[in-house]
Amino acid sequence: MRPIPQSPENGSQLMRDNRFEITHYRDTYMKKISLHSHDFYELYFFISGDADYIIDNVRYDLKSGDILLISPDNLHRLDMVRPSAYERIVLWINPKYVKSLSTDKTDLCCAFKHCNESKNFLIRDYQISERIKANLIDLSYCVGSEEFGADIKSELLVKTILLELCRHSAIPTLSGTENAPRRISIPVSKVIEYIDGNLNSPLTLDLLEEVAFVSKYYLSRLFKEETNSSIHQYILKKRLLLSKKYIEQGLPINEVYLKCGFNDYSNYFRAFKQEYAITPKQYLSLITK
């Protein structure tokens with residue numbers, strides 16, 4: 001049986017494989033990670049620990065077997081409540097790869113899309129959880145295996161996992177169940193909702209103070225406590241995510257920064273490169289290959 005590794009020290013959030021990557025980690029300590037996003041889908045399977053997970057403006061008290069489905073435009077982070085044995089399996093999947101596995105009749109992205117649209121990213125269902133966990137463990141052993149047919153089996157397992165999730169997402173969720181998301185504090189939630197709806201407009205602390213009905217000093221401190229990110233950092237990350245969407249839609253880059261609330265292109269260029277390690281034009285070349 002393979003030993004379960006700890007998280008890499010560099011906390012890499014980049015995919016090396018252009019299809020999918022799976023990791024099974026166990027840690028006793030996790031440093032705080034700020035809100036972040038990926039260019040890929042993330043299936044997060046929680047096994048054990050004492051932790052919460054924040055996605056956009058909802059917080060989940062994690063229980064063993066919980067599944068979180070995170071899309072590229074979702075800012076998210078783990079929040080360790082107290083030190084404990086923290087174990088999880090994480091599957092990263094390239095959206096283009098998912099599309100290649102899909103058919104005209106079956107869109108295997110639909111579970112992620114459904115969670116993103118409903119703003120409820122949690123699946124808490126024991127029966128599907130057991131099946132998904134078994135498939136994830138099987139997949140982790142197939143990856144890198146030299147056994148005959150391991151590559152084909154890996155692809156079949158990814159398809160099986162995605163299909164299972166899509167079928168589950170098609171079942172109406174009953175209101176009032178424990179699957180319902182829990183909002184973070186009201187002032188921070190109000191501010192996040194306002195920011196998300198007004199990214200192309202000037203956003204100042206004085207304005208957000210009025211939105212939250214609390215002082216800007218208290219709001220800044222509360223926002224940092226709950227998201228491990230400053231309000232300025234959150235706005236910047238959201239504007240950059242929006243700019244990537246506009247680039248993907250074919251909007252000229254010299255128009256993108258204005259539609260996303262940046263005052264000038266140089267600030268936008270510098271922020272984009274710092275966040276993603278490539279320039280906006282390089283990103284355009286990357287997605288049009």
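This structure is a prediction, so every number in the text was calculated from the model and none was measured.
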A.B. asks: With a 4.5 Å cut-off on side-chain heavy atoms, are P280 and F269 touching?
C.D. replies: yes
A.B. asks: Tell me whether Q233 contacts the main-chain N or O of S230 through its side chain, where contact means a donor paired with an acceptor under 3.5 Å.
C.D. replies: yes
A.B. asks: Which pair of heavy atoms, one from C109 and one from V98, lies closest together, and at what distance?
C.D. replies: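 That closest heavy-atom pairing would be SG-CG1, 3.3 Å.
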A.B. asks: Within a strict 4.5 Å, meaning less than it, do heavy atoms of the L242 and N200 side chains meet?
C.D. replies: no
A.B. asks: Looking at I184, is its backbone amide N or carbonyl O close enough to the side chain of E226 to form a donor-acceptor pair, meaning the two atoms are under 3.5 Å apart?
C.D. replies: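 No, E226 side chain to I184 backbone: no donor-acceptor pair under 3.5 Å.
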A.B. asks: For V143 and D17, run side chain to side chain contact (heavy atoms under 4.5 Å, CB included): C-alpha distance rounded to whole Å, both residues' side-chain angles, the deciding distance at 0.1 Å, then the answer.
C.D. replies: CA-CA 11 Å; V143 173; D17 194 301; over 6 Å; no
A.B. asks: Could you measure the distance from the OH atom of Y126 to the NZ atom of K133? Nearest 0.5 Å is fine.
C.D. replies: 9.0 Å
A.B. asks: Is R88 salt-bridged to D66, going by a charged N under 4.0 Å from an acidic O?
C.D. replies: no
A.B. asks: When you group the ILVMFWY residues by side-chain heavy-atom contacts below 4.5 Å and let the links chain together, are L258 and L203 in the same group?
C.D. replies: yes
A.B. asks: Between P95 and F40, which heavy-atom pair has the shortest distance, and what is it?
C.D. replies: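 Closest heavy-atom pair between P95 and F40: CD-CA, 3.8 Å.
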A.B. asks: Is there side-chain contact between N198 and L207, with heavy atoms separated by less than 4.5 Å?
C.D. replies: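 Not in contact.
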A.B. asks: Look up atom OG in S169 and atom CD in E117, then write down how far apart they are to the nearest 0.5 Å.
C.D. replies: 10.0 Å
A.B. asks: Considering all heavy atoms of both residues, which atom of L199 and which atom of I235 are nearest to each other, and what is their separation?
C.D. replies: CD2-O, 4.3 Å
A.B. asks: Does CD in Q274 sit with more than 12 non-hydrogen atoms of other residues, nucleotides or ligands closer than 6.0 Å?
C.D. replies: no
A.B. asks: Can you tell if the side chain of I93 reaches within under 4.5 Å of the side chain of L162, non-hydrogen atoms only?
C.D. replies: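 Contact flag for I93/L162 side chains = yes.
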A.B. asks: If you group Ile, Leu, Val, Met, Phe, Trp and Tyr by side-chain heavy-atom gaps below 4.5 Å, do I186 and F223 land in one group?
C.D. replies: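 The answer is no; the residues belong to distinct hydrophobic clusters.
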A.B. asks: So does Y265 have more than 12 non-hydrogen atoms from other groups sitting under 6.0 Å from OH?
C.D. replies: yes
A.B. asks: Between atom OG of S201 and atom CD1 of I195, what is the distance when rounded to the nearest 0.5 Å?
C.D. replies: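 Spacing of OG (S201) from CD1 (I195) equals 12.0 Å.
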A.B. asks: Is it the case that the side chain of Y60 and the backbone of F121 share a donor-acceptor pair, with hydrogens and angles ignored and the cut-off at 3.5 Å?
C.D. replies: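 Side chain of Y60 to backbone of F121, a donor-acceptor pair under 3.5 Å: yes, one is there.
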A.B. asks: For N135 and R131, indicate whether the former's side chain and the latter's backbone hold a donor-acceptor pair under 3.5 Å.
C.D. replies: yes
A.B. asks: Restricting to non-hydrogen atoms, name the atom on I67 and the atom on L69 that form the minimum distance, rounded to 0.1 Å.
C.D. replies: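 Shortest heavy-atom contact: CG2-CD2, 3.9 Å.
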A.B. asks: Same hydrophobic cluster for L156 and Y141, using side-chain heavy-atom links shorter than 4.5 Å among ILVMFWY?
C.D. replies: no
A.B. asks: Would you kindly say whether T227 and Y234 are connected by a side-chain donor-acceptor distance under 3.5 Å?
C.D. replies: no
A.B. asks: Would you say H76's side chain and H36's backbone share a donor-acceptor pair under 3.5 angstrom?
C.D. replies: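 Present.
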A.B. asks: Tell me whether K259 forms a cation-pi arrangement with Y246, defined as NZ or CZ under 6.0 Å from the six-membered ring centre and within 45 degrees of its axis.
C.D. replies: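 The answer is yes; both the distance and angle limits are met.
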A.B. asks: Looking at S243 and L240, would you say the former's side chain and the latter's main chain have a donor-acceptor pair under 3.5 Å?
C.D. replies: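 Here the side-chain-to-backbone pair exists.
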A.B. asks: Would you give the length of the straight line joining atom CG of N57 to atom CD of E193, rounded to the nearest 0.5 angstrom?
C.D. replies: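 That separation rounds to 5.0 Å.
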A.B. asks: Looking at every heavy atom in both A212 and V191, which two are closest together, and how far apart are they?
C.D. replies: CB-CG2, 3.7 Å
A.B. asks: Do the side chain of S48 and the main chain of Y86 share a donor and acceptor less than 3.5 angstrom apart?
C.D. replies: no
A.B. asks: Do the side-chain N and O atoms of D264 and S266 include a donor-acceptor pair separated by under 3.5 angstrom?
C.D. replies: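 The answer is yes; a qualifying pair exists.
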A.B. asks: Do the side chains of K244 and D73 get close enough for a salt bridge, i.e. N-O under 4.0 angstrom?
C.D. replies: no
A.B. asks: Could you walk me through whether L78 and Y44 satisfy the side chain to side chain contact (heavy atoms under 4.5 Å, CB included) test, starting with their C-alpha distance in whole Å, then the side-chain angles of each, then the deciding distance to 0.1 Å, before giving a yes or no?
C.D. replies: CA-CA 11 Å; L78 175 81; Y44 174 97; 3.8 Å; yes
A.B. asks: I would like to know whether K190 and Y194 meet side chain to side chain contact (heavy atoms under 4.5 Å, CB included); could you show each step before the answer?
C.D. replies: CA-CA 6 Å; K190 281 183 177 180; Y194 185 85; over 6 Å; no
A.B. asks: Give a yes or no on whether I287 and L241 share a hydrophobic cluster (residues Ile, Leu, Val, Met, Phe, Trp, Tyr; joining criterion: side-chain heavy atoms under 4.5 Å apart).
C.D. replies: yes
A.B. asks: Checking T103 side chain against T106 main chain: does a donor-acceptor pair fall under 3.5 Å?
C.D. replies: yes
A.B. asks: Enter the distance from S229:OG to K237:NZ here, rounded to the nearest 0.5 Å.
C.D. replies: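 Going from the OG atom of S229 to the NZ atom of K237 covers 6.5 Å.
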A.B. asks: Please answer whether the main-chain N or O of N18 pairs with a side-chain N or O of N94 as donor and acceptor at a distance below 3.5 Å.
C.D. replies: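 Side chain of N94 to backbone of N18: a pair is present.
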A.B. asks: For F46, which residues count as a ring pair (Phe, Tyr, Trp, His ring centres under 6.0 Å) partner, sequence neighbours excluded?
C.D. replies: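 None.
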A.B. asks: For the residue pair V256 and L251, what are the closest heavy atoms and their distance?
C.D. replies: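 Heavy atoms only, the tightest pair is CG2-O, 3.7 Å.
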A.B. asks: Between CD of E155 and CG of L101, what distance do you get to the nearest 0.5 Å?
C.D. replies: 5.0 Å
A.B. asks: Is K63 close to D61 at the side-chain level, that is, under 4.5 Å between some pair of heavy atoms?
C.D. replies: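 Result no, sub-4.5 Å side-chain heavy-atom pair not found.
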A.B. asks: Side chains of Y283 and E248: donor-acceptor distance under 3.5 Å anywhere?
C.D. replies: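 Looking only at side-chain atoms, E248 and Y283 do form a donor-acceptor pair, the distance falling under 3.5 Å.
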A.B. asks: Any heavy-atom pair between the side chains of L122 and Y53 that's under 4.5 Å?
C.D. replies: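 They are not in side-chain contact.
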A.B. asks: Let me see the working for L222 and V214 under side chain to side chain contact (heavy atoms under 4.5 Å, CB included), right down to the final yes or no.
C.D. replies: CA-CA 10 Å; L222 185 63; V214 295; over 6 Å; no
A.B. asks: Is it true that a side-chain atom of E21 and a backbone atom of R16 form a donor plus acceptor pair closer than 3.5 Å?
C.D. replies: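 Yes, because the side chain of E21 sits within donor-acceptor range (under 3.5 Å) of the backbone of R16.
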A.B. asks: Is the shortest side-chain heavy-atom distance between C115 and S71 below 4.5 Å?
C.D. replies: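 Side-chain contact under 4.5 Å: no.
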A.B. asks: Any side-chain heavy-atom pair from D138 and K153 closer than 4.5 angstrom?
C.D. replies: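 Yes. Closest side-chain heavy atoms under 4.5 Å.
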